[in-house]
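This report concerns only the one structure given below.
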Amino acid sequence: MADFRITFSIERRLPDESSYSEVGFGTSASASTVDDAAYQLLSAVQNGEWETGPGMPNPSEVEDA
């Protein structure tokens, strides 16, 4: 049986900026269907549970901007 996961990047563009910059990234857990992987991804994004790298804002700061 196949396993699926969805890898994602979150980018934002602030009003005074001309281009988008990455503010987070992540991946869903391994899932047995694409729908299950999508559900995991949606849950992680809605709950601000994505990864950040150096210079990236905390997920709570992204929602407040």
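Here the structure is a predicted model, which is why all the values come from computation and not from measurement.
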Query raised in the report: Stepwise, does the side-chain contact (heavy atoms from CB on, under 4.5 Å) test hold for Met1 with Ser32?
Result: CA-CA 8 Å; Met1 179 180 244; Ser32 59; 4.3 Å; yes
Requested in this report: Please report the shortest heavy-atom distance between Thr7 and Thr27, naming the atom on each side.
Outcome: OG1-OG1, 3.7 Å
Report summary line: d(Leu14 CG, Tyr20 OH) to nearest 0.5 Å is 10.5 Å
Query raised in the report: Does the side-chain contact (heavy atoms from CB on, under 4.5 Å) test come out yes or no for Asp36 and Phe4, once each step is laid out?
Result: CA-CA 8 Å; Asp36 287 345; Phe4 300 91; over 6 Å; no
**Report entry** Donor-acceptor pair, side chain of Ser28 and main chain of Ile6, under 3.5 angstrom
**Finding:** yes
Report task. State whether the number of non-hydrogen atoms from other residues, nucleotides or ligands found under 6.0 Å of Phe8 atom CZ is greater than 12. Result -> yes
Report task. Please test Arg5 against Ser30 for side-chain contact (heavy atoms from CB on, under 4.5 Å), starting from the C-alpha separation and ending with a verdict. Result -> CA-CA 5 Å; Arg5 73 176 181 189; Ser30 179; 5.6 Å; no
Query - Heavy-atom check, side chain of Ile10 versus side chain of Phe25, under 4.5 Å - result: no
Requested in this report: Mind listing the closest non-hydrogen atom pair of Ala31 and Ala37 along with its distance?
Outcome: CB-N, 3.5 Å
Requested in this report: Locate the shortest heavy-atom distance separating Gly26 from Glu51; write the atom from each residue and the value.
Outcome: CA-OE2, 4.4 Å
Query raised in the report: How long is the gap from CD on Glu17 to CZ on Arg12, to the nearest 0.5 Å?
Result: 7.0 Å
**Report entry** Interatomic distance, Thr52 atom OG1 to Glu61 atom CD [nearest 0.5 angstrom]
**Finding:** 9.0 Å
Report summary line: To the nearest 0.5 Å, atom OG of Ser43 lies from atom CD of Glu49 at 6.0 Å
